[in-house]
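Chain naming here is simple, since letters A, B, ... match the order of the sequence lines and numbering starts at 1 in each.
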Amino acid sequence: MNNRLVLIDGNSIAYRAFFALPLLSNDKGVYTNAVYGFTTMLLKVLENHNPSHMLVAFDKGKKTFRHETYASYKGTRQKTPSELSEQLPMLHDLLASFDIAVDQQDLYEADDLIGTYARLAEAEGYDIDIITGDKDLLQLVSEKITVHLTRKGITEMDSYDIEALYERYALQPEQIIDLKALMGDSSDNIPGVPGVGEKTALKLLAQFSTVAGVYDHLDEVSGKKLKEKLADHRSDAEMSRKLVTINTDAPINKALKELSYASFEPNKVGEVFKEFGFKSLLERIGSEEAEEESSQSDIDVEVELLTADVKKAALQSPAAIVIELPQENYHTSPILGMGIANDNGVFFASPEVIEGSKELQDWLASDDEKVVYHAKKAWVSLKWKGLSLNGVTFDAYMASYLINPGETNHELSDVASRHAVGKVRTDESIYGKGAKFTVPPVDTLAQFVGEKAVVLRELHPLLAKELKARDMDMLFEELEFPLAAILSQMEFQGVDVNAESLKSMGQELEKTLAKVEAEIHELADVEFNINSPKQLGEILFDKLNLPVMKKTKTGYSTSADVLEKLEDKHPIIEKILLYRQLGKLNSTYIEGLLKSISDKTGKIHTRFNQALTQTGRLSSIDPNLQNIPIRLEEGRKIRKAFVPSEPDWVLLSADYSQIELRVLAHISEDEKLIEAFKKGEDIHTQTAMEVFKVEADDVTGNMRRQAKAVNFGIVYGISDYGLSQSLGITRKEAGQFIERYLESYPGVKRYMESVVEQARKDGYVTTLMNRRRYLPDINSRQFNQRSFAERTAMNTPIQGTGADIIKQAMIRLNDELKKKGARARVLLQVHDELIIETPKEELAWLETIVPSVMEQAMALDVPLKVDLSSGSTWYDAK
DNA sequence: CGTCACACGC
DNA sequence: GACGTACGTGTGACGG
């Protein structure tokens, strides 16, 4: 195998890591964020590049040979923060534990050492990867040398070989020197030519290739001002060129063979990780210390295997029970068994015992108190076996989600470790994953499931206390938990679909798709895969030479907004858009939905994820029934396949009108907004009147469209950039729109400011029902992260309260239906809309009761409004 | 098998 | 001056 040398720019990566990560400190109070970030980067590099040789180069002294040329070199650079510099010695310890070579030299910068080692290795035929955050190093790129620049964070990188560099800058590597010489670099205090930025510099180099070329043909430079600037600052440009040129002939301490690297010793590295407090990394490198910690359960329990004659002791409440499923989809998954932990001990019931024991089943169905982990899953999976589960008083999964929706993982093992009860092994450690998934022998399984039950039992009081401490017990007991029961009914009930009508739509689509595909190939004069953005990009932009509007990191962007701009440039474009639209309908909605139809019921049984979104909304999977097309007529037709499950029934759709803006009006107490809703005005027209300062009659269609986009932006918390994208205007204009909006609604402005202030103080924001979302980045020193957190602070109470309201309505509506013995039932929730199926006889009654319940779900300072429609398919209920 | 680009809904 | 910008889910392509 070829030799591969990885060179890391130590200071640059440490600096990047320091600013990319929050100022973490370990339990000894020592800051470790830069070291931690560096380490994650290092592990990723080792994994991705598999180097045979490695070196990390550091800057050393303050003075470098560059200061002889230019005394103010790096003159503007701020002193390295002490929080970072104190981490540098740790970095050296870290590298020593990895046995990775390090070099630094007086008078030379890390860049120069890297350049020198790189050229040396290149001459020996090595492949070289340079890891840095400093674009200057791009000048070293060659056939053998690839430069990887950190992108966002520090583990994501953009890789530049000669081609990629050319694609990005249209420059050869050595021209990077000229580029920098012209544009300068404020962080190193390199002057360049004033008034010349990246754009101008690239233009000049495209024309004249080098700085020398520019000055040789100065009279050919377009623009009088630019010509003058260039002439006036010739010496600056030439000196800058020297400064940014990397010295590839620096003195170095090591010979190439001393850089050789095989692999690290997990235990040696593990010791250092342990000292630094990098617990998660310990597991990742698989050191023995971590192995011991992660693969061993510290729950020491005796699990008793239950027999068909289930003993009474096992069926005593209160109990923690765990229904163990091997598959994600609880509609179709078998049940592997059940763990029970109570005062009498820990028990395991096999599937045979569960299905065979009347005593066990009666106990499950009784009101005796049970604590579970993921109640909805337990209810639904048991229901498919014809079993009922009652008496559930607590759901640890739900509790964990409500306590912190920001945690991405609520697997029992994670919840347990976060709350410092005993360690539970992960599902993956027992079953393996993917294709390797296997169910262990019953003893192992029983032990594992029993441990889960024990931990669940311990978690219950802790989680209950945490909910209470956050004043979230109401949210849990009266909103989310009752909702879980309703959702379980909805999911189990399923939605009927007319497979035949889907199939015939699919056949139509396929015919049209074949036709459109042929037309596209005809127009392109070559057959290619239209679904491949890569191939499509090559056809459009290389072969047909259409103008490139936007690039993605892997090539040309061919997204709809780009294609729409090209629509009048070539007839192929509209065909491609059509092909995409129809292809999506066919693959996702026709084929996808057909695949989801249950063989047992002929219906579609989605699952609503109630413990996932950051805002409190539900999501829907397998299939997602919350994104069935509606906007475009061709797609909307899919809804014709959704039908009531019984003859002479109809579907009723009830949707909140502008629920989020009404919530905003309420929580911001903005008088104008409240007034508008009280009067029943068209809110987008109203906003247009305010923002554009015109009378109702003078609001043009375009004004209303723009106002609508602003309202949309406010509700979804998008940035000026986001708004500019959706309106096709500049960011500045979008910013002005938002500003004018906030001036028009001063109450909203006050709310936005106060909610951000509140978030800074508390570290979280809340909804009207006291749902919480933590915003750890609200005080971030990173502009991006902080801005994002600020927009989230403004948006989450709005969207989250909307979610609270419809959840409340679902509960009340369900109570009402039950109370009246109605046969009608709610099937789906789509964020601000409920889909109900009902016998025709009940429709008239529902049409009064449903809006009434929904509109009264929460008393706000503005009325809530619900629109109704019904029909024999979902399409007709519009 | 994981990641990317894309597209659908709110 | 650049950064990289509502929340979700599912699909096909692609590369390791």
Side-chain angles (χ1 to χ4, degrees), chain A residues 19-20 47-48 50 135 151-153 156 183-187 197-199 405 433-436 529-537 550-563 576-577 580-593 595-596 606-609 612-632 635-636 638-639 655-656 659-660 712-726 731 734 773 782-792 794-796 798-800 802-803 806 829-833:
Chain A
F19 285 105
E47 198 176 310
N48 291 351
N50 195 21
K135 293 195 178 78
R151 195 154 32 125
K152 63 171 187 210
E156 281 185 52
M183 62 188 275
D185 183 340
S186 60
S187 71
E198 184 177 309
K199 285 240 165 82
K433 68 169 173 181
K436 292 196 189 79
N529 185 348
I530 306 164
N531 281 324
S532 161
K534 188 163 160 261
Q535 294 181 30
L536 178 60
K550 198 166 84 180
K551 288 192 148 192
T552 65
K553 59 188 164 195
T554 48
Y556 305 113
S557 169
T558 64
S559 60
D561 60 318
V562 170
L563 296 187
I576 291 167
L577 285 166
R580 282 248 180 93
Q581 191 201 339
L582 302 181
K584 170 82 177 174
L585 288 180
N586 197 39
S587 65
T588 304
Y589 295 106
I590 303 285
E591 290 174 5
L593 287 176
K595 266 185 255 168
S596 302
T606 186
R607 275 136 53 219
F608 290 103
N609 198 333
L612 182 131
T613 69
Q614 304 298 300
T615 54
R617 277 187 172 185
L618 303 176
S619 75
S620 157
I621 53 169
D622 232 11
N624 182 351
L625 293 184
Q626 289 181 322
N627 71 344
I628 303 301
I630 188 161
R631 279 170 212 197
L632 301 172
R636 191 172 198 155
I638 301 280
R639 296 180 172 224
D655 68 295
Y656 281 110
I659 188 167
E660 270 108 359
F712 180 85
I714 297 287
V715 165
Y716 287 126
I718 62 174
S719 58
D720 51 0
Y721 174 86
L723 182 63
S724 74
Q725 291 294 299
S726 66
R731 207 176 77 191
R773 179 176 186 177
Q782 292 261 89
F783 173 79
N784 291 336
Q785 293 186 0
R786 192 177 61 245
S787 314
F788 184 48
E790 286 168 359
R791 293 201 303 275
T792 309
M794 303 180 214
N795 157 254
T796 297
I798 303 172
Q799 212 186 103
I806 193 164
Q829 187 249 48
V830 191
H831 308 308
D832 62 358
E833 174 187 17

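- The side chain to side chain contact (heavy atoms under 4.5 Å, CB included) search around A/Glu198 returns A/Arg168, A/Tyr169, A/Met183, A/Leu202, not counting sequence neighbours.
- Remark: A/Lys135 pairs with no residue by the salt bridge (Lys or Arg N to Asp or Glu O under 4.0 Å) rule, at least two apart or across chains.
- For A/Lys534, there are no salt bridge (Lys or Arg N to Asp or Glu O under 4.0 Å) partners two or more places apart in sequence or in a different chain.
- Within the nucleic acid shown, A/Arg731 comes within 4.0 Å of at least one base atom, counting heavy atoms only.
- Looking at heavy-atom distances under 4.0 Å, A/Lys433 makes contact with sugar-phosphate atoms alone, never a base.
- Reading DNA chain B from its 5' end, the first and the last nucleotide to sit under 4.0 Å from a heavy atom of chain A are B/dC1 to B/dC10.
- If you take CG of A/Leu723 and C1' of C/dG4, they are 16 Å apart, rounded to a whole angstrom.
- In DNA chain C, stems built from 3 or more consecutive Watson-Crick or G-U wobble pairs, each with both distances under 3.5 Å, span B:1-9 with C:7-15.
- Residues passing the salt bridge (Lys or Arg N to Asp or Glu O under 4.0 Å) test with A/Asp622 are A/Arg607, sequence neighbours excluded.
- Taking the side chain to side chain contact (heavy atoms under 4.5 Å, CB included) definition, one finds that A/Asn784 meets it with nothing, sequence neighbours left out.
- Remark: A/Leu577 engages A/Ala560, A/Leu563, A/Glu564, A/Glu567, A/Ile573 in a side chain to side chain contact (heavy atoms under 4.5 Å, CB included) (not counting sequence neighbours).
- Residue A/Tyr721 is in base contact, counting any heavy-atom pair closer than 4.0 Å across all strands shown.
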task: Assign a letter to each nucleotide of nucleotides 9-16 of chain C from its 5' end: B, base within under 4.0 Å of a protein heavy atom; S, sugar-phosphate only; -, no contact.
output: SBSSSSS-

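- Under the salt bridge (Lys or Arg N to Asp or Glu O under 4.0 Å) criterion, A/Arg617 pairs with A/Glu660, sequence neighbours left out.
- When the P atom is used for both B/dC4 and C/dT5, the distance is 12 Å, rounded to whole Å.
- Nucleic acid contact for A/Ile628: sugar-phosphate only, since backbone atoms but no base atoms lie under 4.0 Å from a heavy atom of the residue.
- Rounded to an integer number of Å, the gap from A/Arg617 CZ to C/dC7 P is 11 Å.
- A/Thr615 comes within 4.0 angstrom of no nucleic acid atom, judged by non-hydrogen atoms across all strands.
- A/Asn627 is linked by a side chain to side chain contact (heavy atoms under 4.5 Å, CB included) to A/Tyr589, A/Asn624, counting only residues two or more places apart in sequence or in another chain.
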Contacts under 3.5 angstrom, residues 714-724 of chain A side chains, donor-acceptor by atom type, not counting sequence neighbours:
residue  : atom : partner  : partner atom : Å
A/Ser719 : OG   : A/Tyr721 : N            : 3.4
A/Ser719 : OG   : A/Gly722 : N            : 3.2
A/Ser724 : OG   : A/Tyr721 : O            : 2.6

